[in-house]
Amino acid sequence: MHAYRSHTCAELNKAHAGETVRLSGWVHRVRDHGGVLFIDLRDHYGMTQVLADSDSPAFKAIEKLKAETVVRVDGRVKARDASLVNSKIPTGEIEVYVTDLEVLGPAEELPLLVFGDQEYPEETRLTYRFLDLRREKLHRNMMLRSRVVKSMRDRMWGSGFTEFQTPIITASSPEGARDFLVPSRLHPGKFYALPQAPQQFKQLIMVAGFDRYFQIAPCFRDEDPRADRSPTDFYQLDLEMSFVEQEDVFAAIQPVIQGVFEEFGGGHKVDAVWPRISYADSALWYGTDKPDLRNPIKMARVSEHFAGSGFAIFAKLLEQEGTEIRAIPAPGGGSRKFCDRMNAFAQKEGLPGMGYIFWRKRGIDSSLENTRDFLTEFLSTALKGQPTDGIAERHSAPSSDELDEVKNRIVAAVSEGDFEKAKFIQDAHFGHLDAAGPVAKNIGPERTEAIRRQLGLGEGDAVFFLGGHPAQFEAVAGRARTEIGRELGLTEQNAFRFAWIVDFPMYEKDPETGKIDFSHNPFSMPQGGMEALDGDPLKVLGYQYDLACNGYEIVSGAIRNHRPEIMFRAFALAGYPKEEVENRFGGMVKAFKFGAPPHGGCAAGIDRIVMLLADEQNIREVIMFPMNQRAEDLMMGAPSEPTNQQMRELRLRVTPKE
RNA sequence: GGAGUUGUAGCUCAGAUGGUUAGAGCGCCGGCCUGUCACGCCGGAGGCCGCGGGUUCAAGUCCCGUCAACUUCGCCA
């Protein structure tokens with residue numbers, strides 16, 4: 001018999017009854033009943049209940065076992081009585097009566113329990129990651145990750161891509177993030193860098209004529225972490241294609257991503273149609289370049305309704321250059337309580353607050369009834385094209401100057417034949433909806449009605465307003481949109497919604513220094529080529545795109561700039577002279593001078609995709625050995641101090657902390 | 001670097017308004033138990049209430065500072 005096992009802990013069933021078997025695994029849980037005791041024996045594959053009673057030669061030893069001890073047991077498979085079957089586990093129809101036991105790996109008292117779903121501090125979990133990984137959830141997440149990567153790889157091969165590895169120790173490539181540097185022993189004072197992405201290498205692979213490349217590539221960036229961003233390193237499905245345009249790249253990657261989400265998405269709905277949304281529209285509608293389209297709320301510009309209005313804050317604001325008022329519609333959010341809560345949310349996010357309007361049924365004052373009746377009859381008669389003479393006599397006169405004014409304007413509109421306008425004024429003042437909230441009072445019924453119509457809102461709905469320079473409130477507006485969608489239950493559950501965000505601007509202006517710099521990837525081809533670079537840099541768009549899914553950026557890519565002369569010009573606009581470009585990207589620029597094919601590609605964030613598929617909120621839950629928030633590996637003790645010998649070899653000295 | 005939240009037993013957490021000896025569940029240790037599968041029952045150990053200072057007759061509780069963790073802004077091809 002094999003030294004450790006004849007079967008795994010997931011294999012045995014009724015058909016094995018009577019057989020003598022050997023199992024190895026961890027002592028998951030012990031249930032000691034005095035004369036009989038049970039152990040759940042666990043391995044990677046599953047769990048089997050083993051038992052011993054006082055007649056068993058192993059009884060004494062088994063009584064002393066502690067949780068997580070690794071043991072080998074020999075025993076006899078017993079079919080369980082119907083009343084004793086455990087339907088929760090696949091091996092629940094049998095149990096193994098232990099005749100011999102050997103401790104293979106004793107275990108001390110645990111800092112973290114493997115069974116149960118008790119929560120532990122991250123610090124403990126990361127220090128004892130190997131224990132945490134034994135637990136069901138992480139074990140499952142890591143297996144999911146492994147299968148996702150295999151599926152991606154298979155799909156890529158299936159679509160004619162070939163896989164190549166690129167260097168890990170390489171040259172610095174100033175693409176935005178901070179580099180991890182590696183000191184060179186052979187060249188004291190010089191440093192290698194770990195690649196932030198295999199960007200230049202994959203472009204060179206295209207120049208080398210391989211046509212379609214992919215790689216499951218590690219990427220290294222020395223930036224602060226976020227819940228969806230690992231510090232230090234992460235993995236991408238990196239791909240590049242020659243002789244393609246933007247839509248060709250989309251067509252290549254969509255089946256891979258969609259396929260993986262369908263395969264591992266646990267039955268969630270997966271979008272088959274991925275809309276293209278411009279960066280500008282995405283910012284306006286969703287307040288972010290990675291919108292969550294499960295949330296149906298679409299924001300809108302409503303400046304015109306506030307310009308010159310009685311709402312002084314916004315009216316004044318709009319007199320400044322570049323300001324706008326934007327609306328976040330909130331269908332079903334029409335209560336004072338909800339509106340106040342969202343206003344508080346905006347204040348917590350650092351804004352002065354959000355103005356709001358909400359609509360409810362209008363209770364018409366009896367003193368207004370006459371006017372309303374008059375107008376209703378007058379309008380409906382007018383709309384039918386019949387003479388309106390004599391209607392005034394059938395109703396007593398309106399009761400105030402203000403009402404007179406409204407009435408006269410309706411009558412005037414009708415006489416000009418502008419029935420639409422007449423109906424609008426009528427609705428604004430006497431319609432069945434009453435607009436509540438301070439904003440409505442200040443801008444008056446007609447501007448309020450115009451906003452309501454623009455946004456398609458009705459009874460029980462609300463709308464929130466934000467004003468100023470869009471760059472300053474857009475992101476908060478986006479978060480408010482998310483919050484509103486969530487609170488009102490508008491955001492669809494159990495679905496993955498995708499969209500390509502396209503037409504990213506090539507450049508942006510630093511609001512403080514006024515300096516023009518690349519807003520995204522400097523290697524992208526500007527739309528319109530060389531000519532486009534002659535005008536206003538801030539208006540130049542790139543062939544650059546992201547794929548957004550449920551509020552996360554999961555793919556990013558571009559059609560590359562493969563023409564040296566356009567590249568020099570593009571860099572010059574951002575203030576990089578030709579010499580510097582040649583200095584920093586010499587290898588690539590040179591390559592482009594010897595026949596470079598038009599090419600483009602993208603990279604998909606594997607960690608984030610698995611995170612979405614595993615329904616996890618934190619990327620550390622899908623990484624085998626993650627760093628903590630301070631980029632430390634608590635288990636391995638990294639970073640650590642080098643030995644003096646190492647420092648001498650590298651000719652390095654650390655300056656003391658100030 | 002800025003902001004928010006949290007910090008009480010090994011772990012998860014409870015401890016209104018300041019007031020006797022700081023509690024529960026899980027885990028751990030000891031005992032009982034031959035059908036459990038989150039076994040049950042009895043008993044026990046285990047606390048610088050993150051740390052420092054202050055207010056007060058009295059501080060886990062209020063104030064100031066500080067440290068740590070997480071989240072977030074900046075940053076992020």
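Worth knowing before you read on, the calculation uses all heavy atoms, side chains too, and leaves out hydrogens, waters and symmetry mates.
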Residues A/Glu109, A/Lys66: salt bridge by 4.0 Å N-O rule
no
Please give, in whole Å, the distance from B/C70 C1' to A/Arg125 CZ?
12 Å
Candidate nucleotides B/U34, B/A68, B/C76, ranked by approach to the side chain of A/Arg229 - the nearest:
B/C76
Identify whether any heavy atom of A/Tyr120 sits under 4.0 Å from a base atom; if not, whether one sits that close to sugar-phosphate; answer base, sugar-phosphate or nothing.
sugar-phosphate
If the C1' atom of B/C26 is compared with that of B/A9, how far apart are they to the nearest Å?
12 Å
Would you mind telling me which of B/C11, B/U34, B/C28 lies closest to the side-chain atoms of A/Pro121?
B/C11
What's the CD-P distance between A/Glu63 and B/G30, to the nearest Å?
11 Å
To the nearest 0.5 angstrom, please state how far the CG atom of A/Asp517 sits from the CE atom of A/Met506.
11.0 Å
Please confirm whether the shortest side-chain N or O distance from A/Lys66 to OP1 or OP2 of B/C29 is below 4.0 Å.
yes
Is B/G40 paired to anything, Watson-Crick or G-U wobble with both distances less than 3.5 Å, and if yes, which nucleotide?
B/C32
Go through B/G74, B/G27, B/A68 for me and flag the one nearest to the A/Arg226 side chain.
B/G74
Report yes if a donor N or O on one partner sits less than 3.5 Å from an acceptor N or O on the other, where the partners are the side chain of A/Arg221 and the base of B/C76; otherwise report no.
no
C1' atom, B/A14 versus B/C57: distance in rounded Å?
29 Å
Earlier contact from the 5' end, RNA chain B, for A/Glu632 and A/Gly557
A/Glu632
Between A/Asn628 and A/Glu123, does any side-chain donor sit less than 3.5 Å from a side-chain acceptor?
no
Expressed in whole Å, how much space separates the P atoms belonging to B/U72 and B/C62?
28 Å
Residue matched to B/G52 through Watson-Crick or wobble contacts both under 3.5 angstrom:
B/C64
Any base atoms under 4.0 Å from A/Lys78, or only sugar-phosphate, or nothing? Heavy atoms, all strands.
base
Can you measure A/Glu109 atom CD to B/C26 atom P for me and round it to whole angstrom units?
16 Å
Does one side chain, of A/Gln49 or A/Asn86, offer a donor that lies under 3.5 Å from an acceptor on the other?
no
Using a 4.0 Å heavy-atom cut-off across all strands, classify A/Leu84 as base, sugar-phosphate, or nothing.
base
Using a 4.0 Å heavy-atom cut-off, does A/Glu95 contact any base of the nucleic acid, only the sugar-phosphate backbone, or nothing at all?
base
Under 4.0 Å: is that the gap between some side-chain N or O of A/Arg31 and OP1 or OP2 of B/C39?
yes
Atom P, compared across B/U61 and B/C39: separation rounded to whole Å
39 Å
Nearest-angstrom distance, P atom, B/A69 to B/A58
35 Å
Base, sugar-phosphate, or nothing: which does A/Gln49 touch, judged by heavy atoms less than 4.0 Å apart?
base
Indicate, with a heavy-atom threshold strictly under 4.0 Å, whether A/Glu122 touches base, sugar-phosphate, or nothing.
sugar-phosphate
Would you say A/Arg29 reaches B/G27's phosphate, i.e. side-chain N/O to OP1/OP2 under 4.0 Å?
yes
Pair assignment for B/U12, Watson-Crick or G-U wobble, requiring both distances under 3.5 Å
B/A24
Please evaluate the base of B/G74 for a donor-acceptor partner in the side chain of A/Asp224 within a cut-off of under 3.5 Å?
yes
What I want to check is whether an N or O donor and acceptor connect the side chain of A/Arg80 with the base of B/C37 at under 3.5 Å.
yes
In the strands shown, is B/U5 matched to any nucleotide by a Watson-Crick or G-U wobble pair with both distances under 3.5 Å, and which?
B/A69
Name the nucleic acid region contacted by A/Arg178, choosing base, sugar-phosphate or nothing; use a 4.0 angstrom heavy-atom cut-off, strictly under.
nothing
Rounded to whole angstrom units, what separation is found between the CZ atom of A/Arg630 and the C1' atom of B/U71?
16 Å
So A/Arg620, base contact, sugar-phosphate only, or nothing? Heavy-atom distance under 4.0 Å.
sugar-phosphate
Got a donor-acceptor pair under 3.5 Å from the side chain of A/Gln118 to the base of B/G10?
no
Please give, in whole Å, the distance from B/C39 C1' to A/Asn86 CG?
13 Å
Atom OH of A/Tyr552 and atom C1' of B/C76: how far apart are they, to the nearest Å?
16 Å
In terms of side-chain heavy atoms of A/Gln629, which of B/C75, B/G35, B/C70 is nearest?
B/C70
Of the listed nucleotides B/G27, B/C70, B/U36, the one nearest the side chain of A/Asn618
B/C70
Six-ring centre of A/Phe523, A/Arg560 cation under 6.0 angstrom, axis tolerance 45°:
no
Whole angstrom is fine here: how far is it from NE2 in A/His28 over to C1' in B/A38?
10 Å
RNA chain B: 5'-proximal contact among A/Gly35 and A/Glu119 (nearest heavy atom)
A/Glu119
Which whole number of Å gives the distance between the P atom of B/G30 and that of B/U66?
47 Å
Rounded to whole Å, CD of A/Glu108 lies from P of B/C28 at a distance of 14 Å
Has the side chain of A/Ser519 got a donor or acceptor atom that lies under 3.5 Å from a matching backbone atom of A/Pro505?
yes
For B/A68, glycosidic torsion class - syn if within 90° of 0, otherwise anti:
anti
Side chains of A/Thr48 and A/Glu95: do they bring a donor and an acceptor to under 3.5 Å?
no
Considering Watson-Crick and G-U wobble pairs with both distances under 3.5 Å, what does B/A58 pair with?
none
Do A/Ser172 and A/Asp179 get their side chains close enough for a donor-acceptor pair, meaning under 3.5 Å?
yes
Hey, is the main chain of A/Glu136 close enough, under 3.5 Å, to the side chain of A/His139 for a donor-acceptor pair?
no
Nearest of B/C33, B/U12, B/U34 to any side-chain atom of A/Asp32?
B/C33
What is the nucleic acid contact for A/Thr124, judged by heavy atoms within less than 4.0 Å: base, sugar-phosphate only, or nothing?
nothing
